[in-house]
Enquirer: 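First the structure, then my questions, so here it is.
Both ligands and their constituent atoms are indexed starting at 1 by order of listing.
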Amino acid sequence: MKYLHLDPSFSPFDSSIAFEAFTFNGGEPHIKILEPISDQITITHRINSFEDLGFILVATDALKRMGVKVIKLFIPYFPAARQDRVMVAGEPLSVKVYADIINAQQYNEVIIFDPHSEVTPALLNNVSVVNNYAFVKKCLETIEGDVVLIAPDGGALKKIYKVAEYLGGIEVVECSKKRDVRTGQLSGFRVYEEDLSGKHCVIVDDICDGGGTFLGLAQALKDKNAAKLSLVVSHGIFSKGFKELTTAFDQVFTTNSVRNLQEEGVVQIEVVG
Ligand SMILES: O=P(O)(O)OC[C@H]1O[C@@H](O)[C@H](O)[C@@H]1O
């Protein structure tokens, strides 16, 4: 197996086959594969825009025209994974829009990392899911104290109990929040445990976007006397920056599934397929 790393700063496997890529003045992505290639290629990329998706599509076409028989795709963060249901009439089912485009390429395997829900893998053909167990384990190796895992909401419960079991039965504390479907406003953070004195509370979730979920929860955990707080999120979007998060948490952990980070107070662990 050889790899075509479309973003040189994201190369989770061995070295990439050589290529030239650029965007035409009109905005269209273009690629030229430069070396004789193997029968089996895995394309890797991080999709943060339609342009990123465009590069994947033109690269796939180029490889097919060169006669590559087995083409796989490694996209750790699946775009629009949270738009996995229509909440209000008039909205699209965006995750299916992306899944249909990916499926149309007929990849031999599509590898994704810690999807938001079971909808994405259900929509994709030939999908392999890399779970967050190894990532969480690596983070916990550097976290000290009497650790409890914190499930921020109902959506996180199923996964967190599996992680806790994988890690030898770490205690889980369940929490909940309310999100207004129209405004996105968060409120009503609840922690279903009376006293967290002496505990190092480690929130485990798939995505940190604006961070409101985790800042609200951090306060609720402090109100229950949590001794220390860490945040472990597979996909670090961090759309509102880091300042408040790195102030509220002793440590923040994420992977490079969305982008490379060099922020003080944030530990980045490489995602591998
Ligand atoms: O509060 P922010 O960081 O914006 O959003 C992240 C949360 O929203 C959910 O979909 C994620 O699974 C996570 O619980």
Enquirer: side-chain contact (heavy atoms from CB on, under 4.5 Å) with Asn260: which residues, sequence neighbours excluded?
Expert: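 Asn260 satisfies side-chain contact (heavy atoms from CB on, under 4.5 Å) with Ser9, Arg46, Asn256, Gln268 once adjacent residues are dropped.
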Enquirer: Looking at Gly210, which atoms of ligand 1 are within less than 4.0 Å of one of its heavy atoms?
Expert: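 Every atom of ligand 1 under 4.0 Å from some heavy atom of Gly210: 2 (P), 3 (O), 4 (O).
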Enquirer: Pull out every atom of ligand 1 sitting under 4.0 Å from any heavy atom of Cys208, numbered as shown with elements.
Expert: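 Atoms satisfying the 4.0 Å criterion: 3 (O).
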Enquirer: Tell me whether the centres of the aromatic rings in Phe74 and Tyr3 are closer together than 6.0 Å.
Expert: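 Distance test on ring centres: not under 6.0 Å, no.
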Enquirer: For Ile207, take its heavy atoms, then give the atoms of ligand 1 lying under 4.0 Å from any of them.
Expert: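 The list of qualifying atoms is 6 (C), 7 (C), 11 (C), 13 (C).
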Enquirer: Does the ring center of His116 lie less than 6.0 Å from the ring center of Phe78?
Expert: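 No, they do not, as the ring centres are separated by 6.0 Å or more.
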Enquirer: Looking just at side-chain N and O atoms, do Tyr192 and Ser176 make a donor-acceptor pair shorter than 3.5 Å?
Expert: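 Yes.
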Enquirer: With atoms numbered from 1 as shown, which atoms in ligand 1 lie under 4.0 angstrom from a non-hydrogen atom of Arg82?
Expert: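 Near Arg82, meaning under 4.0 Å from one of its heavy atoms, ligand 1 has 10 (O).
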Enquirer: Check whether the ring centres of Tyr98 and Phe50 lie less than 6.0 Å apart, and answer yes or no.
Expert: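 Yes, the ring centres sit under 6.0 Å apart.
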Enquirer: Starting from atom 12 (O) of ligand 1, which protein heavy atom do you reach first, and at what distance in Å?
Expert: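 Checking every protein heavy atom, the shortest distance to atom 12 (O) of ligand 1 gives Asp206 OD1, 2.6 Å.
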Enquirer: To check your reading of the model: name the closest protein heavy atom to atom 14 (O) of ligand 1, its residue, and the distance in Å.
Expert: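 Sorting protein heavy atoms by distance from atom 14 (O) of ligand 1 puts Asp205 OD2, 2.5 Å first.
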Enquirer: Counting the benzene-type ring for Trp, do Tyr133 and Phe135 have ring centres under 6.0 Å apart?
Expert: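 For Tyr133 and Phe135, the ring centres are not under 6.0 Å apart.
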Enquirer: Go through ligand 1 atom by atom and flag the ones less than 4.0 Å from a non-hydrogen atom of Thr213.
Expert: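 Those qualifying, in numeric order: 1 (O), 2 (P), 5 (O), 6 (C), 7 (C).
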Enquirer: Please list the nearest protein heavy atom to atom 2 (P) of ligand 1 with its residue and the distance rounded to 0.1 Å.
Expert: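 Of every protein heavy atom, Gly211 N, 3.5 Å lies nearest to atom 2 (P) of ligand 1.
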Enquirer: For atom CD of Glu118, decide whether the heavy atoms of other residues, nucleotides or ligands shown that lie under 6.0 angstrom number more than 12.
Expert: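 For Glu118, atom CD is not crowded (no more than 12 foreign heavy atoms under 6.0 Å).
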Enquirer: Going by the order shown, which atoms of ligand 1 are within less than 4.0 Å of some heavy atom of Asp153?
Expert: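 Per the distance check, 14 (O).
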